[in-house]
Amino acid sequence: MPQERVPLSRPDIGPADIEAVVAVLKTPHLSLGPKLPAFENAFAQFLGMKHAVAVNSGTSALHLVVRALGLGPADEMITSPFTFVATANCALFEGARPVFVDIDPETWNFDATKLESAITERTRLIMPVHIFGRPMPMDAILRVAEARRVPVVEDACEALGATYKGRKVGTFGIASTFAFYPNKQMTTGEGGMVVTNDERLAGLCKSMRNQGRDPEAGWLAHARLGYNYRLSDINCALGLSQLARLPEFVALRQRVAERYLAKLADVGELVLPPPYREGTMSWFVFVVRLADRFTQQDRDAVLAYLREQGIGTNNYFSPVHLQTFYRDRFGFKPGDFPVTERVAARTIALPFYNRLTEEDQDLVVETLKAAIARL
Ligand SMILES: Cc1ncc(COP(=O)(O)O)c(C=O)c1O
């Protein structure tokens with residue numbers, strides 16, 4: 001492989017972040033110290049929610065919520081087939097069945113108008129995903145969820161900082177989850193967060209992330225089955241200092257996205273992300289797709305050419321229902337969710353991060369145009 005000239009993503013770590021992490025290393029409190037509640041409180045305050053529970057990944061956050069809500073083998077969870085696999089896996093962790101709703105071809109979020117018909121007497125949870133940082137139409141989802149008395153948990157792992165109708169994403173359901181892997185809007189290295197206004201749910205998640213310990217009992221008293229999903233104080237310190245810069249990060253990403261949109265507007269072979277009018281996006285990745293007349297082979301040729309030229313790229317996402325173990329376990333097959341499959345076969349994620357220089361961005365655009373010209 002040639003050396004990568006422009007990576008797909010890159011975290012934005014500044015001197016304050018480094019200082020914050022080093023300061024923790026000089027204390028004896030590397031885990032379960034003061035940075036944990038400090039990060040949780042700052043995060044809850046940012047969203048205007050009562051409780052935030054920090055964990056070691058977005059996947060852990062999803063698992064804890066699904067378990068705390070008591071999903072089990074008889075239950076169904078409705079979500080999108082066009083998402084990162086962990087969204088749906090959290091149902092499988094507890095033996096529940098994922099039920100997918102095909103996506104809207106424009107927004108790439110699941111089509112809220114098809115939600116109602118996916119609900120059965122077994123539906124125990126609806127999990128909207130704000131894909132790539134574009135908020136779902138929460139009014140429509142909550143209307144159906146309330147009418148059918150099914151709780152909503154937002155998978156907001158890709159959308160920290162986005163708003164829908166003036167309200168922050170992650171504040172609509174009974175709980176929501178966030179993730180802080182280094183490609184996210186802000187990072188803790190690895191990490192995640194459960195956010196909720198429900199005290200009982202928050203307490204259960206706190207206990208289960210720490211081996212099922214009961215805060216009132218001793219270190220070796222385990223009230224329930226738990227896990228080690230703790231987030232260290234080193235990560236929490238990084239999270240605190242990154243959170244302070246989140247509004248700046250969101251604005252920088254918006255600018256990079258707008259510049260891509262302007263530079264690619266005249267490329268007729270591409271379908272670009274449409275404008276968002278019901279609030280503000282928080283761009284996670286910048287994904288375009290080839291028009292329908294092109295094939296998956298064409299798309300793969302573009303990805304290969306970009307990589308040969310040292311441009312980081314990927315095919316966000318591969319449909320969840322077509323992953324082998326989903327096919328084997330649930331019998332999903334090609335054709336089950338045609339819009340998802342049509343979109344997923346043609347996506348191209350371009351290098352996208354806060355400090356992508358104009359020069360590098362121009363190189364990406366020129367290389368992408370050259371790749372398309374070769375089709
Ligand atoms: C939509 C979505 N859900 C869940 C996750 C899981 O987060 P993590 O990788 O921190 O476990 C991610 C992370 O990429 C994601 O994009």
Side-chain angles (χ1 to χ4, degrees), residues 8-11 39 43 52-67 77-94 98 100-101 103 107-110 125-136 138 141 152-162 169-170 172-173 175-195 205 208-209 227-232 235-236 238-239 242-243 253 273 281-287 312 314-321 323 326 340 343-344 347 349 352-353:
L8 182 56
S9 74
R10 176 178 274 171
F39 181 37
F43 200 85
V53 181
V55 290
N56 58 3
S57 73
T59 306
S60 303
L62 287 165
H63 182 204
L64 289 188
V65 173
V66 164
R67 189 164 171 85
M77 180 187 96
I78 297 178
T79 193
S80 174
F82 188 72
T83 180
F84 185 61
V85 70
T87 308
N89 282 353
C90 68
L92 275 64
F93 293 159
E94 294 302 312
F100 296 117
V101 175
I103 60 171
T107 67
W108 304 348
N109 280 321
F110 81 63
L125 184 60
I126 297 167
M127 186 171 287
V129 192
H130 309 289
I131 212 71
F132 304 153
R134 177 182 298 269
M136 287 210 66
M138 292 309 297
I141 288 168
V152 171
V153 169
E154 292 169 74
D155 181 344
C157 287
E158 300 188 359
L160 177 59
V169 152
F172 291 90
S176 61
T177 62
F178 291 90
F180 311 123
Y181 187 72
N183 65 351
K184 294 294 191 298
Q185 286 88 338
M186 61 162 265
T187 187
T188 58
E190 293 280 1
M193 194 75 82
V194 174
V195 177
C205 289
M208 289 193 293
R209 80 159 167 209
Y227 309 87
N228 180 356
Y229 286 170
R230 295 185 300 260
L231 188 67
S232 86
N235 304 89
C236 289
L238 181 55
Q242 289 261 298
L243 184 61
R253 296 170 94 83
M281 281 187 64
S282 173
W283 291 85
F284 162 47
V285 284
F286 190 85
V287 182
N314 222 335
N315 61 321
Y316 284 146
F317 281 109
S318 199
V320 177
H321 67 285
Q323 303 288 341
Y326 277 79
T340 295
V343 167
T347 54
F352 188 70
Y353 44 94

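As the structure is a prediction and not an experimental result, all values here were calculated from the model. Position 1 is the first residue of the sequence; numbering continues from there. Below, all heavy atoms of this structure are taken into account, side chains as well, without hydrogens, waters or symmetry copies. As the structure lists them, so they are numbered: ligands from 1, and atoms in each ligand from 1.
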Trainee: Going by the order shown, which atoms of ligand 1 are within less than 4.0 Å of some heavy atom of Ala179?
Mentor: 7 (O), 10 (O)
Trainee: Got Glu190 and Thr188 here, is their nearest side-chain heavy-atom distance under 4.5 Å?
Mentor: no
Trainee: To which protein heavy atom is atom 16 (O) of ligand 1 closest, and what is the distance rounded to 0.1 Å?
Mentor: Glu158 OE2, 2.6 Å
Trainee: Report the C-alpha separation of Thr87 and Asp155 in whole Å, then their side-chain angles, then the decisive distance to 0.1 Å, and conclude whether the side chain to side chain donor-acceptor pair (under 3.5 Å) test is met.
Mentor: CA-CA 7 Å; Thr87 308; Asp155 181 344; 2.8 Å; yes
Trainee: For Ser57, counting its heavy atoms only, list the atoms of ligand 1 lying under 4.0 Å from any of them.
Mentor: 10 (O), 11 (O)
Trainee: What is the closest protein heavy atom to atom 13 (C) of ligand 1, and at what distance does it sit?
Mentor: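 Of the protein heavy atoms, Lys184 NZ, 2.9 Å lies nearest.
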Trainee: Begin from the C-alpha positions of Phe82 and Phe100 and carry the test side-chain contact (heavy atoms from CB on, under 4.5 Å) through to its verdict.
Mentor: CA-CA 9 Å; Phe82 188 72; Phe100 296 117; over 6 Å; no
Trainee: Which residue owns the protein heavy atom closest to atom 10 (O) of ligand 1, what's the atom, and how far is it?
Mentor: Gly58 N, 2.8 Å
Trainee: Where is the nearest protein heavy atom to atom 9 (O) of ligand 1: which residue, which atom, and how far?
Mentor: Phe84 CE2, 4.2 Å
Trainee: What are the atoms of ligand 1, with element, lying closer than 4.0 Å to any heavy atom of Val129?
Mentor: 1 (C)
Trainee: Could you tell me, atom by atom, which parts of ligand 1 come under 4.0 Å of a heavy atom of Thr83?
Mentor: 1 (C)
Trainee: Assess the residue pair Tyr227 and Phe93 against the criterion (ring-ring contact (aromatic ring centres under 6.0 Å, His included)); give the C-alpha distance rounded to whole Å, side-chain angles, the decisive distance to 0.1 Å, and a yes or no.
Mentor: CA-CA 13 Å; Tyr227 309 87; Phe93 293 159; 9.1 Å; no
Trainee: Say whether, by atom type as modelled, one donor and one acceptor occur between the side chain of Arg253 and the main chain of Phe284 under 3.5 angstrom.
Mentor: yes
Trainee: Counting only heavy atoms closer than 4.0 Å, does ligand 1 sit against the backbone of Leu62, its side chain, both, or neither?
Mentor: side chain
Trainee: Taking the six-membered ring for Trp, is the centroid-to-centroid distance between Phe132 and Phe352 below 6.0 Å?
Mentor: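 Aromatic pair excluded; centres sit 6.0 Å or further apart.
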Trainee: Tell me which one of Met193, His130, Met186 satisfies side-chain contact (heavy atoms from CB on, under 4.5 Å) with Leu160.
Mentor: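 Exactly one pass, corresponding to Met186.
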Trainee: Answer with side chain, backbone, both or neither: which part of Asn183 has a heavy atom less than 4.0 angstrom from an atom of ligand 1?
Mentor: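 The answer is neither.
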Trainee: Which residue holds the protein heavy atom closest to atom 3 (N) of ligand 1, what is that atom called, and what is the gap in Å?
Mentor: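 Residue, atom and distance for the closest contact: Asp155 OD2, 2.8 Å.
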Trainee: Can you tell me if Ser80 and Thr83 form a side-chain donor-acceptor pair at under 3.5 Å?
Mentor: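 No, no side-chain donor-acceptor pair sits under 3.5 Å.
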Trainee: Among all protein non-hydrogen atoms, which one is nearest to atom 11 (O) of ligand 1, and what is the separation to 0.1 Å?
Mentor: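 Answer, as residue, atom name and distance: Thr59 OG1, 2.5 Å.
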